[in-house]
Amino acid sequence: MASETPPPAPSRRRYSPWAMAAIITAIVALLFEGSLLPVNFAAAIFALIGLRQIHRQPQRYIGRPFCWIAIALVLILAILTAMLQPTLPEEGAPREASGQRATETP
């Protein structure tokens, strides 16, 4: 009678490396207040790759919430940066003097 080996135990599910990279990059983007556009793009791309990896190997990887939080954080940073960034005056528009006030004459 041949000795039967038990089936290998399923390995423990780990966090996706791409999901971890996405959340860390999104936090770094938050520290820079969203001013570095390539960091924002990198976090979003890492999150999408992480979602794809988790979808392809769900028995091996977890971390879908990290990916979605990273995407949400990057979108919020992009919206806030666009809202709060000052606009540059046009070429032909007259510039206002910042320290001068209009004086009233009686």
Side-chain angles (χ1 to χ4, degrees):
M1 191 143 105
S3 65
E4 293 183 25
T5 59
S11 62
R12 191 172 147 210
R13 292 172 61 186
R14 303 179 320 155
Y15 283 102
S16 166
W18 289 107
M20 297 305 293
I23 195 70
I24 290 170
T25 309
I27 291 172
V28 168
L30 180 64
L31 292 175
F32 285 114
E33 298 173 356
S35 61
L36 294 176
L37 196 58
V39 176
N40 291 345
F41 280 135
I45 290 171
F46 291 163
L48 292 175
I49 294 172
L51 285 172
R52 182 176 177 212
Q53 184 181 41
I54 294 166
H55 178 73
R56 286 187 171 192
Q57 299 175 342
Q59 72 282 0
R60 186 171 179 189
Y61 294 115
I62 58 175
R64 189 169 285 144
F66 284 155
C67 294
W68 287 113
I69 290 170
I71 290 172
L73 189 59
V74 167
L75 286 175
I76 290 169
L77 281 173
I79 291 169
L80 289 177
T81 302
M83 287 174 52
L84 298 177
Q85 197 140 52
T87 58
L88 299 174
E90 295 180 19
E91 290 275 329
R95 295 183 182 190
E96 296 179 15
S98 59
Q100 298 176 356
R101 285 191 242 161
T103 57
E104 294 182 24
T105 56

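Summarising the geometry of A26 relative to L77, their closest heavy-atom pair is O-CD1, 4.4 Å, with the distance given to 0.1 Å. The shortest heavy-atom contact between A22 and A47 is CB-N, 3.4 Å. Looking at every heavy atom in both residues, A43 comes nearest to V74 through CB-CG2, 3.6 Å.
Around atom CD of E33, no more than 12 heavy atoms belonging to other residues, nucleotides or ligands sit under 6.0 Å away. The number of heavy atoms from other shown groups lying within 6.0 Å of CZ (R13) is above 12.
The hydrophobic clustering, which links ILVMFWY residues whose side-chain heavy atoms are closer than 4.5 Å, places I79 and I69 apart. Under the 4.5 Å side-chain heavy-atom criterion for grouping Ile, Leu, Val, Met, Phe, Trp and Tyr, L48 is connected to L75 within one hydrophobic cluster. Side-chain heavy atoms closer than 4.5 Å link hydrophobic residues (I, L, V, M, F, W, Y) into clusters, and following such links, even through other members, never connects L30 to L36. Clustering ILVMFWY residues whenever any of their side-chain heavy atoms sit less than 4.5 angstrom apart, transitively, puts F66 in a cluster other than the one holding W68.
In this structure, CD1 on I45 lies 11.0 Å from CD1 on I71, to the nearest 0.5 angstrom. Of the inter-residue distances, the one linking T25 atom OG1 with M20 atom CE reads 10.5 Å to the nearest 0.5 angstrom. To the nearest 0.5 angstrom, I76 atom CD1 is 12.0 Å from N40 atom CG.
By the 4.5 Å heavy-atom criterion applied to side chains, C67 and W18 are not counted as neighbours. Residues Q53 and P17 meet the side-chain proximity criterion, which asks for heavy atoms closer than 4.5 Å.
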From CA spacing to verdict: side-chain contact (heavy atoms from CB on, under 4.5 Å), L73, I23:
CA-CA 9 Å; L73 189 59; I23 195 70; 5.6 Å; no
